[in-house]
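Take a look at the structure below.
Numbered from 1 within each chain, the chains take letters A, B, ... in sequence-line order.
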Amino acid sequence: MSSEAKCSKPQCDKSVAINELARRRGFFWPSFEIYGGSGGFVTYGPLGARLKQNVEAKLRELMVKKIGIYEIESSIIAPGKVFEASGHVAHFKEPMVECQKCHTRFRADHLLEEKNISSKETEKMNLEEIKQELIRHQVVCPDCGSPFGEPTRYLTMFETTIGPYSGAVGYGRPEAAQNIFVEFNRLYNVAREKLPFGALQIGHALRNEISPRQGLIRLREFTIADLEFFFDPEEPDCQYLTEVEDEVLPILLCDTRLKECEDITNFTVKEALDKSIIKCQWQAFFMAQAKRLLNQIGVPTEKQRFIEKLTWEKAHYSTQSFDQEVLVDRWGWVEVSGHAYRTDYDLGCHMKASGVDMTVYKEFKNPIESEELIVKPIVAKLGPVYKGDAAKVAAAIAELPARQVADAMEKDGSILVEGYQILKEQVEISKQKTIVRGKRFIPHVVEPSFGCDRLLYIALEYAYGIKNDRVVLGFPRTIAPIQVGVYPLMSRDGLDTKAKEVQRMLACEGFMTDYDETGSIGRRYARADEAGVQLGITIDYDTIDDNTVTIRDRDSWQQVRASITNLPKLLQKYFKGKANFADLGSQIKS
RNA sequence: GCGGUUGUAGUCUAGCUCGGUAGGACUCCAGCUUCCCAAGCUGGCUACCCGGGUUCAAAUCCCGGCAACCGCACCA
């Protein structure tokens with residue numbers, strides 16, 4: 001990952017300003033502060049929790065509602081077998097060595113790889129063997145040339161025991177995907193045994209990072225949204241493709257990357273598929289939806305890109321992978337979603353490890369009829385001749401290809417099987433018609449996977465703006481954590497009572513509302529802007545007379561006047577994007 | 001994990017050299033004032049990261065821990 005746009009002075013850095021604002025206004029802050037804190041854990045406050053819900057709702061809207069994906073919710077802890085089968089136990093456990101002098105740490109397998117010992121071999125070694133190999137090849141610290149200390153293994157999964165028996169190892173899931181694979185049979189049943197279908201799980205995942213930094217970007221406990229979409233590899237067409245085929249995807253191709261170049265090539269979804277840049281229609285579809293998701297939480301297309309992963313960067317299960325990245329002020333390009341074509345890898349692994357059949361049955365459109373030559377030993381005739389060996393002889397005959405037996409009988413009238421001369425009359429040769437009506441296979445999977453905490457951070461960063469020296473969080477209206485703030489111009493003369501009535505009415509109509517009566521009206525507008533409150537409704541003395549209010553737009557600071565009676569309908573249209581701010585009421589001259 | 005820097009109210013910070021338990025600004029809360037963009041006045045709440053040591057006395061000096069920031073490493 002490149003790390004341009006780096007800034008040495010933390011002051012001029014958006015992330016510092018956002019973290020400060022987030023703490024102060026209650027979007028998020030480091031957890032467990034009263035005990036000194038613990039790195040890599042975060043608590044979302046009232047505004048943050050709501051913003052996160054709204055971002056996740058957007059994801060559901062694009063992925064779940066529009067394409068009929070099933071959503072599940074399963075457990076964070078899983079028995080050891082699950083992650084042994086998936087390959088995570090092997091891949092999350094890295095042998096490390098530390099230089100005794102300069103204390104730099106290295107991956108032992110990487111060091112041995114330079115001595116032509118493949119990572120497959122090191123995976124099988126225990127720590128003592130790794131130590132011996134390091135000594136044998138005289139591997140020393142590449143930085144200072146000093147010898148290494150004892151190798152250790154670092155497991156990035158959280159390990160625990162389930163129940164009181166220490167033998168029952170459990171792991172905190174490092175991704176939400178495995179729950180879906182493990183439950184495949186039930187889900188397939190619920191889907192009434194039809195492909196394609198997808199399942200989504202949004203939930204917490206755990207990775208015991210060595211050193212989490214970068215705030216919300218890398219956490220030890222975080223929210224992941226894994227979508228596993230199952231389809232028949234022989235019918236890979238996506239029926240919604242026309243909805244996205246003109247969507248432009250900015251892609252940084254492997255070939256470009258190998259030239260040490262970061263130039264982006266723009267493809268429409270259609271082009272990318274035609275030119276086989278993206279090999280799977282569904283994967284292209286999800287990439288287009290992912291691009292739209294980021295657009296809708298405030299990231300323009302020119303600040304997004306998809307990176308085609310190089311062979312050695314791809315996870316063990318994937319044949320083609322793209323990472324979706326967004327340009328972030330502090331850290332450059334940051335991954336927000338991964339799009340992997342996982343083939344039948346995961347279901348295959350769980351099938352093998354559990355012994356449970358996870359194939360699906362597909363009926364052919366036209367049953368395949370075939371005529372097969374059958375050679376059947378006639379045991380009644382073999383018995384009297386071979387006595388005790390008869391069964392063995394019969395089995396040996398059945399082992400032979402039918403064609404070979406038939407040809408020999410035709411030609412010689414007999415065949416030599418395991419030293420026995422078998423005569424024509426001792427077997428029955430016939431043609432048998434068989435009808436194959438279908439077959440069983442393991443579905444293929446494309447997986448879009450999102451980091452929800454990163455999405456939230458990015459929504460905040462792209463909303464962050466400064467207008468007249470004030471911070472304004474200009475969220476897209478569909479994700480604003482508070483939709484409507486209600487303010488009495490004065491907190492007396494019945495204006496406050498009226499304002500509370502209006503707030504209550506709007507809350508009952510289903511809007512996210514806030515009420516604020518302290519300080520001057522200007523101060524309250526400023527507070528609201530900083531929290532990203534989309535609209536402000538102010539109750540003034542005219543309201544008492546004619547039941548109208550002013551509505552203020554957070555982004556333009558313009559105001560219009562509308563009747564309270566019309567508010568619910570108007571606001572509903574506005575928040576669904578079916579009305580503009582100017583449509584909400586009559587202009588007010590300022 | 002390693003090395004460097006740092007840790008004082010919600011936020012920004014003064015005080016630390018040379019020990020005598022904290023001062024400001026903004027925010028927040030209450031009251032007054034104020035008829036639409038952080039106005040003003042009065043009052044109020046709130047802090048020395050945690051633990052240990054030295055000392056009559058520690059925000060200050062020493063040791064240990066934790067956390068943050070910057071580099072290194074790590075990020076299946």
Side-chain angles (χ1 to χ4, degrees), chain A residues 1 6-11 13 15-17 19-21 23-26 29-41 83 86-94 96-107 109-110 119 123 141-143 149 152 154-157 174-175 207-215 217-220 312-318 330 335 338 467-472 487-493 495 518-530 536-543 549-554 556-559 561 588-590:
Chain A
M1 192 181 296
K6 223 175 223 175
C7 181
S8 56
K9 286 184 193 168
Q11 293 88 339
D13 182 322
S15 85
V16 172
N19 282 321
E20 190 268 303
L21 173 67
R23 249 197 320 257
R24 197 158 43 78
R25 295 308 302 263
W29 56 80
S31 303
F32 319 120
E33 282 177 310
I34 64 162
Y35 291 110
S38 178
F41 298 97
F83 291 107
S86 67
H88 284 86
V89 171
H91 286 87
F92 266 73
K93 221 172 203 171
E94 309 299 352
M96 313 264 299
V97 282
E98 185 174 329
C99 171
Q100 288 178 324
K101 195 177 164 199
C102 70
H103 299 291
T104 314
R105 289 166 70 97
F106 297 92
R107 292 264 301 265
D109 51 337
H110 289 179
S119 54
E123 250 173 48
C141 174
D143 283 2
T152 52
Y154 187 76
L155 179 70
T156 6
M157 279 197 292
E175 57 168 33
R207 293 183 195 181
N208 202 359
E209 302 280 358
I210 295 172
S211 168
R213 291 199 190 161
Q214 310 172 335
I217 304 296
R218 240 172 87 217
L219 296 166
R220 288 195 166 110
W312 57 87
E313 291 173 332
K314 284 183 297 202
H316 47 289
Y317 47 73
S318 172
R330 172 71 168 277
E335 181 189 343
K467 181 167 176 163
N468 295 14
D469 289 329
R470 284 190 199 167
V471 174
V472 179
Y487 320 111
L489 191 60
M490 296 292 131
S491 55
R492 57 164 188 235
D493 301 330
L495 296 187
T518 16
S520 71
I521 190 69
R523 175 176 292 272
R524 282 175 273 163
Y525 287 153
R527 272 201 285 255
D529 286 345
E530 201 184 47
I537 286 178
T538 305
I539 277 66
D540 55 27
Y541 289 98
D542 290 345
T543 311
V549 293
T550 52
I551 309 176
R552 170 189 181 268
D553 177 40
R554 175 198 62 205
S556 65
W557 295 2
Q558 284 175 348
Q559 299 188 332
R561 191 101 195 157
I588 296 174
K589 286 171 210 138
S590 51

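Across all strands shown, nothing is found opposite B:C45 as a Watson-Crick or G-U wobble partner with both distances under 3.5 Å. Across all strands shown, B:A9 forms no Watson-Crick or G-U wobble pair with both distances under 3.5 Å. Pair check for B:G64 finds B:C50; Watson-Crick or G-U wobble, both atom distances under 3.5 Å. Using the Watson-Crick or G-U wobble rule with both distances under 3.5 Å, B:A22 pairs with nothing in any strand shown. The partner of B:C16 is absent, by the rule that a Watson-Crick or G-U pair needs both atom distances under 3.5 Å. A 3.5 Å limit on both hydrogen-bonding distances identifies B:G40 as the Watson-Crick or G-U partner of B:C32. B:C69 and B:G4 make up a base pair, with Watson-Crick or G-U wobble contacts both under 3.5 Å.
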Close N/O contacts between protein and nucleotides 47-49 of chain B (under 3.5 Å):
none

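Separating the CD atom of A:Q214 from the C1' atom of B:A67 is a distance of 17 Å, rounded to the nearest angstrom. Atom CZ of A:F41 is separated from atom P of B:A68 by 11 Å (rounded to the nearest Å). In this structure, A:E175 places its CD atom 17 Å from P of B:C75, rounding to the nearest Å. One atom, CD of A:E20, and another, C1' of B:U13, lie 13 Å apart when rounded to the nearest Å. Summarising the geometry, the separation between CZ on A:R218 and P on B:A73 is reported as 13 Å, rounded to the nearest angstrom. A:R220 places its CZ atom 15 Å from the P atom of B:A76, with the value rounded to the nearest Å. Rounded to whole Å, atom C1' of B:A67 lies 10 Å from atom CD of A:E33.
Only the P atoms considered, B:G20 is 26 Å distant from B:U11, to the nearest whole Å. Comparing B:U5 with B:A59, their P atoms sit 23 Å apart, to the nearest whole Å. The gap from the P atom of B:U60 to that of B:C18 amounts to 14 Å, rounded to the nearest Å. Separating the C1' atom of B:C61 from that of B:C75 is a span of 41 Å, rounded to the nearest Å. B:G44 and B:U27 have their C1' atoms separated by 14 Å, given to the nearest Å. Here the separation of B:C48 from B:C2, taken at their C1' atoms, is 30 Å to the nearest Å. Nucleotides B:G1 and B:G19 are separated by 36 Å at their P atoms, to the nearest Å. Comparing B:C45 with B:U54, their C1' atoms sit 36 Å apart, to the nearest whole Å.
Contact annotation: A:T518 side-chain N/O to B:C29 OP1/OP2 distance is under 4.0 Å.
Comparing A:P174 and A:P30 by the nucleotide of RNA chain B whose heavy atom lies nearest to each, the residue mapping closer to the 5' end is A:P30.
A:M490 meets the side-chain contact (heavy atoms from CB on, under 4.5 Å) test with A:R492, A:L495, A:Y541; sequence neighbours excluded. With sequence neighbours excluded, no residue satisfies salt bridge (Lys or Arg N to Asp or Glu O under 4.0 Å) with A:D553. Taking the salt bridge (Lys or Arg N to Asp or Glu O under 4.0 Å) definition, one finds that A:R552 meets it with A:D529, sequence neighbours left out. Partners of A:R220 by salt bridge (Lys or Arg N to Asp or Glu O under 4.0 Å), not counting sequence neighbours: none found. Taking A:T550 as the reference, nothing meets the side chain to side chain donor-acceptor pair (under 3.5 Å) condition, with sequence neighbours excluded. In this structure A:T518 satisfies the side-chain contact (heavy atoms from CB on, under 4.5 Å) test together with A:D516, A:R527, sequence neighbours excluded. The side chain to side chain donor-acceptor pair (under 3.5 Å) check on A:R25 picks up A:E530, with sequence neighbours excluded.
Remark: A:I539 CD1 to A:S491 OG distance equals 13.0 Å, nearest 0.5 Å.
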Subject >> Letter per nucleotide, 5' to 3', of nucleotides 34-40 of chain B [B base touched, S only sugar-phosphate touched, - untouched; heavy atoms, 4.0 Å] >> reply: BBBBBS-
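Counting heavy atoms from C-beta on, the side chains of A:Y487 and A:Y525 come closer than 4.5 Å. Between A:T538 and A:Q559, the closest side-chain pair of non-hydrogen atoms is not below 4.5 Å.
In this structure, A:R207 contributes its side chain and A:T156 its backbone to no donor-acceptor pair below 3.5 Å.
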